[in-house]
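Quick notes on the structure that follows.
Order of the sequence lines fixes the chain letters, A, B, ..., with proteins taken first and strands second; residue numbering starts at 1 for each chain.
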Amino acid sequence: MSQKLAPSIRVTFPLLALSLQCIIIVLFALFVKYSEDSPNKYDATYPVFQDVNTMVFIGFGFLATFLKRYGRSGIAFTMLLAAFALQWATILEGLLFDFKESKIQISIISLIHADLSAVSALVSMGAVLGKTSPVQLLLMTILEVTCFTVNKWLLDVLLQINRKTSGMYLHLFGATFGLMVSRVLQRSGLKSGHEKEGSFPISDLYSMIGTIFLWMFWPSFNAALLDTNREKAVFNTYYALAACTVAVFAISSQVHDKGKIDMSHIRSATLAGGVAIGLSAPLIPYAYIAMIIGLIAGVISTLGMKYMKGALELYLDLHDTCGVLYTHGLPGIIGGIVYIALLSVPSVDRQHADYWQMAMLITMAMSILTGLITGFILKLNIWKQPPDLKCYDDQAYWEFPHQATEDGKRSPTSFLFGKK
Amino acid sequence: MSQKLAPSIRVTFPLLALSLQCIIIVLFALFVKYSEDSPNKYDATYPVFQDVNTMVFIGFGFLATFLKRYGRSGIAFTMLLAAFALQWATILEGLLFDFKESKIQISIISLIHADLSAVSALVSMGAVLGKTSPVQLLLMTILEVTCFTVNKWLLDVLLQINRKTSGMYLHLFGATFGLMVSRVLQRSGLKSGHEKEGSFPISDLYSMIGTIFLWMFWPSFNAALLDTNREKAVFNTYYALAACTVAVFAISSQVHDKGKIDMSHIRSATLAGGVAIGLSAPLIPYAYIAMIIGLIAGVISTLGMKYMKGALELYLDLHDTCGVLYTHGLPGIIGGIVYIALLSVPSVDRQHADYWQMAMLITMAMSILTGLITGFILKLNIWKQPPDLKCYDDQAYWEFPHQATEDGKRSPTSFLFGKK
Amino acid sequence: MSQKLAPSIRVTFPLLALSLQCIIIVLFALFVKYSEDSPNKYDATYPVFQDVNTMVFIGFGFLATFLKRYGRSGIAFTMLLAAFALQWATILEGLLFDFKESKIQISIISLIHADLSAVSALVSMGAVLGKTSPVQLLLMTILEVTCFTVNKWLLDVLLQINRKTSGMYLHLFGATFGLMVSRVLQRSGLKSGHEKEGSFPISDLYSMIGTIFLWMFWPSFNAALLDTNREKAVFNTYYALAACTVAVFAISSQVHDKGKIDMSHIRSATLAGGVAIGLSAPLIPYAYIAMIIGLIAGVISTLGMKYMKGALELYLDLHDTCGVLYTHGLPGIIGGIVYIALLSVPSVDRQHADYWQMAMLITMAMSILTGLITGFILKLNIWKQPPDLKCYDDQAYWEFPHQATEDGKRSPTSFLFGKK
């Protein structure tokens, strides 16, 4: 690609967004009906729902602002995709799981399910952040939420696995799906590193708003859909995250030749404990087990970012802007293995462990396959992919008061002031 | 005005602030008494109160930081005015509505009412942001809260309209009131655009902290005072905001000649759906209706910011720093019309619709009239209005470690570093 | 100290952090057991716990980002220390207070206790912020939490004072402890002011994220552990903070010769009202009393920052980076005095007031003594204290993409962009 201007999305983007929105409204008109919970159930669930909601919009939103010139896109596209994903997920979850008498009954629990599906899409977005147009991101969101929900439905139909549990595979599914899309979209011009890919200290601080809200409310996330053992899930997640955080600081300093800590590890790997404990949080009987899992997840996530990230990019063309493989993918695999190990304890039904091995394999296969297909769809020339020079750059899609010249070169302060 | 230094507020501001605070303390000593709710009611309401509180202090506070050189004032004056407004509103609401045996009984619900009155004052502040001294802002807050509360009381006395419902007119009242004040305070020196009025990418990101907290907790806001149908109000607000957000992104890109999205639309217009659905959220039976209302509000709000804002400023001298007309005013009118339409449905009491037409007219008339009067009061020379050169500039009221020269010219980085 | 490079923490820091983490895991394995509350109790307490948690990680975390070149350290070291403190506090509190049948039973209340201990450590951190290595901070956290918990245990054993009440001394204890550590660590090279000590307007805005979350959730903080009178504690804290805020703005403007407000006062002193009301919040019968206490705390805190801070530094070598003496120390003393005065009211048991005078003296003595000892331990050469030039500077401990030259001189924009 040699053009220097990002292709205008003026026709494609509004057309796609408004068409999808209108289709969603028609589907809501045909199928959706409110069902109210008992007031007690609602009062107890609403704060937890808002915690999860905060993770989606503030947590993932600000986490995505770490790129030095891509802050507006990070926060605003997260908002757009999440707003889309939660509407679309309401429909799909309803049709596949809550369809009774030709109607979908939605309650506060449906909103939490929708938020979780939005998270799976935002994880995928993390892998391709900065390299895709909003048109591509919208399409990817629709496809990812669809495939993720169908995967949960398959696990339900084939293995009788409840979606409240299988939903915890969202990290693994989202990360793998996103990586596959990123792999297909990878192009030679982005290979040897991009001058705009990276953070400023100031964008690091913005992204820490995201990290810390995610970190704090992760106990709510892991317990949100549970009917029993919610308290235990909260405790286990809390202590897993605490141990994970200490491990990440320690390892990050240890693997640097001058002992300096890397902010990108703190930003991402501190969350690995919450992911790794996700599935088994309500089952683990003692805090120290949760802490060991959190500690291992933190170590693996940090080492992965340090040593695997560059290698995967170099040798396998697997570019991963936010490092979702290390925050969500690997910890998701750890979480799956821990869960299977827990179910394999003699006292527990052996059958279940086998089912869950199967479930994990199906989820991996589905996410790889559907991610690759989605990647090829997004690669079509019609979706306004940004040219190499305009990747990781808000100027491709955002109005700036004083537009910089379009040669891609600006003074460092243009990040802040928007003019040359 | 030709002076180059902002007039010192050293005497006027502390005097006014402390006098008002002491008067409030005396009134509290005379009239206010605690009344405790049942523990269950309290436990269920407290998290919702904190959501609304977060909207006031973080939401409106950070929303007001978008001006490139006025971030400190935006966040800190919001904090000051809100702290004032909520004390003053406690007294006024109590005297007009909860006065029994010479005492005002306050409960957690009183705190929510007070927060809502604070919001109405903060909306007005948005219209005059950057052009007024803290002395003027304090006065405006006292007057606005008074007029807003009296308006609710009038609607109660004249039309038997419950304040829990009429309180939802706060957006319409606040926006109109603020615009009227702004109209009276407008001066020739600010007409042709001000070099400091506008945002930096970095201040855009700050203001998004505000936008997103407002967006997320808007369902709590619309449901906070409801005794019944809270869950329905939450759902309707949630889906209205989601559809609104998609519409704003789409229209913002469509109306730009290169398809670029305008951050000021995302910052403000995405909230229009929550305002437009405010009154009728507990009544709307189906989500798709809420989504259509949200979508329309988003479209109108975005188009208003794009095409009306400049025209009103040019032809009617109606300058509106934050665009409160498009975030709160027009969506407030849409909300009023939708509510009247809902009440006009044959099955519903016809009488009510007539009452509500009247209520809306009274509210508009009151806000215009009292806003104009307030404007003329604030125009008096004694309130230390900042000179044109010092508008939209923190240096007028804030201590900087290394004070810039007072010629109003600084390097762009002085926003960040406070020195030349 | 003449070296220009900060000593590498590559060995010491990971070794200490991981050893402590492993010790904690072993102690958890030996002693900790989950105990579940009744679902109702849990549902009502969880949102309050999350408010307090938000204060710890977002509140204190962003409050500590105000230094112009030390934002990463501020937010990230807060996260690290808090993650440590809450694990360590769980163990200690459990051993001293909840040890039954050789096991510590932890519940959601234990998590709140742990958060409060973390706060006491973070207050101490505020006094030495920027002048200490992460190794020193870790050690200080362990020692502070230990001494603070032992102090609560002493008050329980000697004076039968419940830890739910004595825990409110955390501000006084944390501030005094931190100041003593700072006193011992003070060195000639930092005496005459440090060029990097101070804020930028942009780091002021970051720290306001912290201030406002602390401010908003302070009612939750003061009421979190109460069994009765929670609502009253919330109201009193709320109005005390509101009156305090108005007073801080007024006094800050009044004491400046041009009437300009000082952002550092707004950042810190607005919280003094919440500290001063902490102990007596559930007892104060009328809001106006709370408002008077808040107002006085705000005035004293602002005047202290303006006139005492420099003097203590100059004459007593008491350097206090965040001004914790004025946000936590003095208001903590006010709070203690108010509480004793309340208990001395004739109708109340006279005995209690005497006990509380004793309790306050013990707490002061303990915090001074243990703070001094901790200071001397931290002064040992082995803990990698940063050299004078690298104080208040993220570059000492953080990896920057483009490392500045190590002469300590960089362009002002290096705060943002990390390179020369």
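The shortest heavy-atom contact between B/I108 and C/E231 is N-OE2, 3.8 Å. What you find for C/M216 and B/Q50 is that their closest heavy atoms are O-NE2, 3.1 Å.
Between chain B and the residues C/L241, C/D43, C/I209, the largest count of heavy-atom pairs under 4.5 Å involves C/I209. Chain C forms more heavy-atom pairs under 4.5 Å with one residue of B/P39, B/A29, B/S8, B/A17 than with any other, namely B/A29. When the candidates C/A44, C/P47, C/C244, C/A243 are compared by the number of heavy-atom contacts under 4.5 Å with chain B, C/A243 comes out ahead. Contacts with chain C were tallied for B/S110, B/A82, B/S107, B/P134; B/S107 has the most, counting heavy-atom pairs under 4.5 Å. When each of B/L15, B/N53, B/L138, B/V11 is scored by its heavy-atom pairs under 4.5 Å with chain C, the top score falls to B/N53. Contacts with chain C were tallied for B/P14, B/A76, B/A83; B/P14 has the most, counting heavy-atom pairs under 4.5 Å.
Of the atoms belonging to C/S264, not a single heavy atom falls under 4.5 Å from chain B. In this structure, chain C has a heavy atom under 4.5 Å from the side chain of B/Y42, while its backbone stays farther away. Heavy atoms of B/I106 lying under 4.5 Å from chain C belong to its backbone as well as its side chain. Proximity to chain C (any heavy atom under 4.5 Å) is shown, for B/T12, by neither the backbone nor the side chain. Heavy atoms closer than 4.5 Å to chain C are found in the backbone of B/A396, but not in its side chain. Both the backbone and the side chain of C/R230 come within less than 4.5 Å of a heavy atom in chain B. Using a 4.5 Å cut-off between heavy atoms, C/P285 contacts chain B through its backbone alone, with no side-chain atom that close. C/D262 touches chain B through backbone and side chain together, each having a heavy atom under 4.5 Å away. Using a 4.5 Å cut-off between heavy atoms, B/T78 does not touch chain C at all.
Side chains of C/H256 and B/I9 form no contact here, defined as non-hydrogen atoms less than 4.5 Å apart. Contact of the B/W398 side chain with the C/M263 side chain is registered, since non-hydrogen atoms from C-beta on lie closer than 4.5 Å. Put simply, the side chain of C/Y239 reaches to within 4.5 Å of the side chain of B/L111, judged on heavy atoms. Within the 4.5 Å cutoff, the side chain of C/I251 has heavy atoms near those of the B/L18 side chain. Looking at heavy atoms from C-beta onward, B/M79 lies in side-chain contact with C/M208 at the 4.5 angstrom threshold.
The CZ atom of B/F200 sits 10.0 Å away from the CD1 atom of C/I202 when rounded to the nearest 0.5 Å. Between the CD1 atom of C/I212 and the CD1 atom of B/I75 there is a distance of 3.5 Å, given to the nearest 0.5 Å. Distance check: C/L295 CG to B/I24 CD1 gives 11.0 Å after rounding to the nearest 0.5 Å.
Side chain of C/T245 to main chain of B/L80: no donor-acceptor pair is present (N/O by atom type, distance under 3.5 Å, no hydrogens or angles). The backbone N or O of C/M291 sits nowhere less than 3.5 Å from a side-chain atom of B/Q87 that would complete a donor-acceptor pair. No donor-acceptor pair under 3.5 Å is formed between the side chain of B/Y46 and the backbone N or O of C/V234.
Under the ring pair (Phe, Tyr, Trp, His ring centres under 6.0 Å) test applied with B/Y34, the options C/Y286, C/F235, C/Y288 reduce to a single match, C/F235.
Comment: B/R10 does not engage C/D257 in a salt bridge, judged by the lack of any side-chain N to carboxylate O separation of less than 4.0 angstrom.
Ring orientation note: the planes of B/F77 and C/F249 are tilted relative to one another, at an angle of 30° to 60°. Between C/Y238 and B/F49, the ring planes are perpendicular. Angles over 60° get that label, and only those under 30° would be called parallel.
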Mind running side chain to side chain contact (heavy atoms under 4.5 Å, CB included) on C/I261 and B/E399 for me, showing each step along the way?
CA-CA 6 Å; C/I261 308 169; B/E399 156 85 353; over 6 Å; no

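Not counting sequence neighbours, the partners of C/F213 by the ring pair (Phe, Tyr, Trp, His ring centres under 6.0 Å) test are A/F213, B/F213, C/F217.
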